[in-house]
Amino acid sequence: MSNLKNKVAYITGGSKGIGYGIAKTLLDEGMRVAITSRDFIKAKEAAASLGADNKNVLAIESDVRSMESEAKAIQQVMDHFGQLDVVVANAGVGHFAPIDTLLAEDWKETIDINLTGVFHTVKAAIEPLKKSEGYLVTIASLAGTNFFETASAYNASKFGLVGFTQAVMLDLRKYGIKVTTIMPGSVATHFAGHTPSEADAWKIQPEDIGELVKDILQMNPRTLPSKIEVRPLHPGKG
């Protein structure tokens, strides 16, 4: 994919944060992009902010917890753009509490979105990606290898996502589909109820992840960066 112009990307959770940053970067490279949110209004607002009346942006309402919802979303992409070249499974949530106070419903939502949701996205997109010999990117976390207090649900979901993605990479490379998981450290987003501010200047910015995605898409196809860790240079500054 040395030339990204007119390629089509599908990005879950693309209305804000990392997903939005990736969408903006790929659009700037001439790609066409579909972004999803569970809230269609938020998806529409994000699409509008990426370029008013931009025919290269498609807003979709989808909930990754539903296989049917993701299948419909992928079909919308195919109906609208006629192809699918890149899938970025980015949608995620974080619930943090010690195991003795962690709510069962928070555990379930974390696993359903961060892990099972990616399974749904991947399953829905496999056949179009086979046709395009495309690229699948999952957004995991350094929490997929580094466990910490209050994060049993989040760690479980991201450890699982890293393992899932690496196994999927082995399953799909024989079809010419490239698979990478990106594992960011601290990113300046609205994740887990946080509001980004100037105090987050030391963190990775969403557009930095966008640049990383662009770079791996343009890498020589003989080389596959299957797992990438990325972290702030100076943690906790500011």
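Along the sequence shown, residues are numbered consecutively beginning with 1.
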Y10 and Q76: side-chain donor and acceptor closer than 3.5 Å? no
How does the hydrophobic cluster around V64 look, that is, which other residues are in it when side-chain heavy atoms under 4.5 Å mark a link? V93, I113
Under the ring-ring contact (aromatic ring centres under 6.0 Å, His included) definition, can you give me all pairs with a residue in residues 109-140, not counting sequence neighbours? none
Transitive ILVMFWY cluster of F147, excluding itself - 4.5 Å side-chain cut-off: F159
For A43, enumerate each residue passing the side-chain contact (heavy atoms from CB on, under 4.5 Å) test, keeping only those at least two apart in sequence or located in another chain. S37, A59
Please write out which residues are connected to M183 in a hydrophobic cluster, directly or through intermediates, given that two of Ile, Leu, Val, Met, Phe, Trp, Tyr count as joined at side-chain heavy-atom separations below 4.5 angstrom. L142, V162
Residue list, salt bridge (Lys or Arg N to Asp or Glu O under 4.0 Å) with D28, at least two apart or on another chain: K24
Residues pairing under salt bridge (Lys or Arg N to Asp or Glu O under 4.0 Å) where one sits in residues 71-93, two or more places apart or in two chains, turn out to be E68-K72
What residues form a side-chain contact (heavy atoms from CB on, under 4.5 Å) with A97, not counting sequence neighbours? T101, L102
List in chain and number order the residues that pass side-chain contact (heavy atoms from CB on, under 4.5 Å) with E207, two or more places apart in sequence or in another chain; answer none if no residue qualifies. Q205
Applying salt bridge (Lys or Arg N to Asp or Glu O under 4.0 Å) as the test, list every pair that has at least one member in residues 219-235; sequence neighbours left out. E229-R231
Which residues pass the ring-ring contact (aromatic ring centres under 6.0 Å, His included) test with Y20, sequence neighbours left out? none
With sequence neighbours left out, write down each residue that passes salt bridge (Lys or Arg N to Asp or Glu O under 4.0 Å) with R38, or none if nothing qualifies. E109
